[in-house]
Amino acid sequence: MNSWVFMRDGWKGLLEGDFMPLTLTAIRGILHLGGSILGTSRTNPFKGQDGPQRVFENVKKLSLEVIVVIGGDDTQKVAHKLYEMGLPCVSVPKTIDNDLAHTDYTFGFNTAVSIATEALDRIHTTAEAHRRVMIVEVMGRYTGWIALEAGIAGGADIILIPEQPFDIDEVCEHIKRRQERGANFSVVVVAEGARPKDGVEITYGDSVDEFGHARLGGVGYYLGKEIEKCIDIETRVVVLGHVQRGGSPTAFDRILATRYGIAAIDLVNQGKFGVMVALKGNEMVSVPLKDVIGKRKTVDPKLYEMASVFFG
Ligand code: F6P
């Protein structure tokens, strides 16, 4: 293999043959940067009729021998399908949601947790000073990893996650119990995908992306209104949103991404394709893409139970 190229904007780049040369100059000095110099998109090559055909045409035209894929569950699903169709792929798990199966951590997650924890520290002070309930809505899509880990680290009084639909009466009971014990403020962390026991996830409108995902968000405002209905306490809502995905990555994520990158290139050199690099304990391993796709790594119920010791 002689040269490498970057495909721009994820699968969109491969569909459209949009690339730039991967030179040392292009990658020098970027370790401390967030985002992606490659750009990103939610393009699904299997959405249109001739998508896979266009991908293979571009692979041939550019004489690409191997594709190294970086992304979350949808990206891995596409990589697996294309691999099955004959495209040599090695993939790297990247998402702030930390929901990919067979890896302990995806890179980006630790940074999001750190940002959310810092936000919680700041929100604590204003919650206490104003004697309010502060609700902090965090990302994470269908899993509560960010909510749970930031909630524990940031000393949240209640953590609500998609894996455990919540009962609004219980949430209010926790807050009342805190008041009875002399705490006249509470900090609630809610994952964007959390929903009430008898309800559904809250979304912005009805539109879905090319992979069929609705835009989650708004559960914090729902909760705020419900809490004010049952308790006479001022409530405020903070939606952290894309702040969690921006800025400089933590040392943990920089090291993890570096290890994943090296492990992926080792696999390319060994000619081992159709696999994703993964972290197991402190070891770099590889797992077949077929074992990763179609699964979701939900939060560890034991960790949630441990966190709930501090609720109310
Ligand atoms: O999957 C990563 C993620 O940040 C989710 O946590 C969130 O639901 C979604 O992406 C937001 O997507 P967008 O940037 O398209 O609004």
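Sequential numbering from 1 along the given sequence is applied to the chain's residues. First listed ligand is number 1; within each ligand, the first listed atom is number 1. Computed from a prediction, not measured in an experiment: that's the story for all the values here.
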Legend entry - Nearest protein heavy atom with distance in Å, relative to atom 3 (C) of ligand 1: Arg245 NH1, 3.5 Å
Inset, instruction - Check whether any heavy atom of Gly140 sits under 4.0 Å from an atom of ligand 1. - result: yes
Legend entry - Glu57 with Lys61: basic N within carboxylate O range, under 4.0 Å: no
Legend entry - Sidechain N-carboxylate O distance under 4.0 Å for Asp73, Arg296: no
Inset, instruction - Could you establish whether His213 and ligand 1 come within less than 4.0 Å of each other, counting only heavy atoms on the residue side? - result: no
Inset, instruction - Taking only Lys NZ, Arg NE, NH1 and NH2, and the carboxylate oxygens of Asp or Glu, determine whether Glu234 and Arg132 approach each other closer than 4.0 Å. - result: yes
Inset, instruction - Report the member of Lys94, Glu192, Met139, Arg42 with the shortest heavy-atom distance to atom 8 (O) of ligand 1. - result: Glu192
Inset, instruction - Identify whether the distance between the nearest side-chain nitrogen and carboxylate oxygen of Glu305 and Lys302 falls below 4.0 Å. - result: no
Legend entry - salt_bridge(Arg141, Asp97) N-O dist < 4.0 Å: no
Inset, instruction - Using distance alone, decide if ligand 1 has a nitrogen or oxygen within less than 3.5 Å of any nitrogen or oxygen in Ile96. - result: no
Legend entry - Heavy-atom gap Asp97 to ligand 1 smaller than 4.0 Å: yes
Inset, instruction - Evaluate the criterion ring pair (Phe, Tyr, Trp, His ring centres under 6.0 Å) for residue pair Phe46 and Phe211; output intermediate values, then yes/no. - result: CA-CA 9 Å; Phe46 287 91; Phe211 291 91; 9.4 Å; no
Inset, instruction - Answer with yes or no whether Gln244 contacts ligand 1, where contact means a heavy atom under 4.0 Å from a ligand atom. - result: no
Inset, instruction - Considering heavy atoms of the protein only, find what lies nearest to atom 16 (O) of ligand 1 and give residue, atom and distance to 0.1 Å. - result: His242 NE2, 3.1 Å
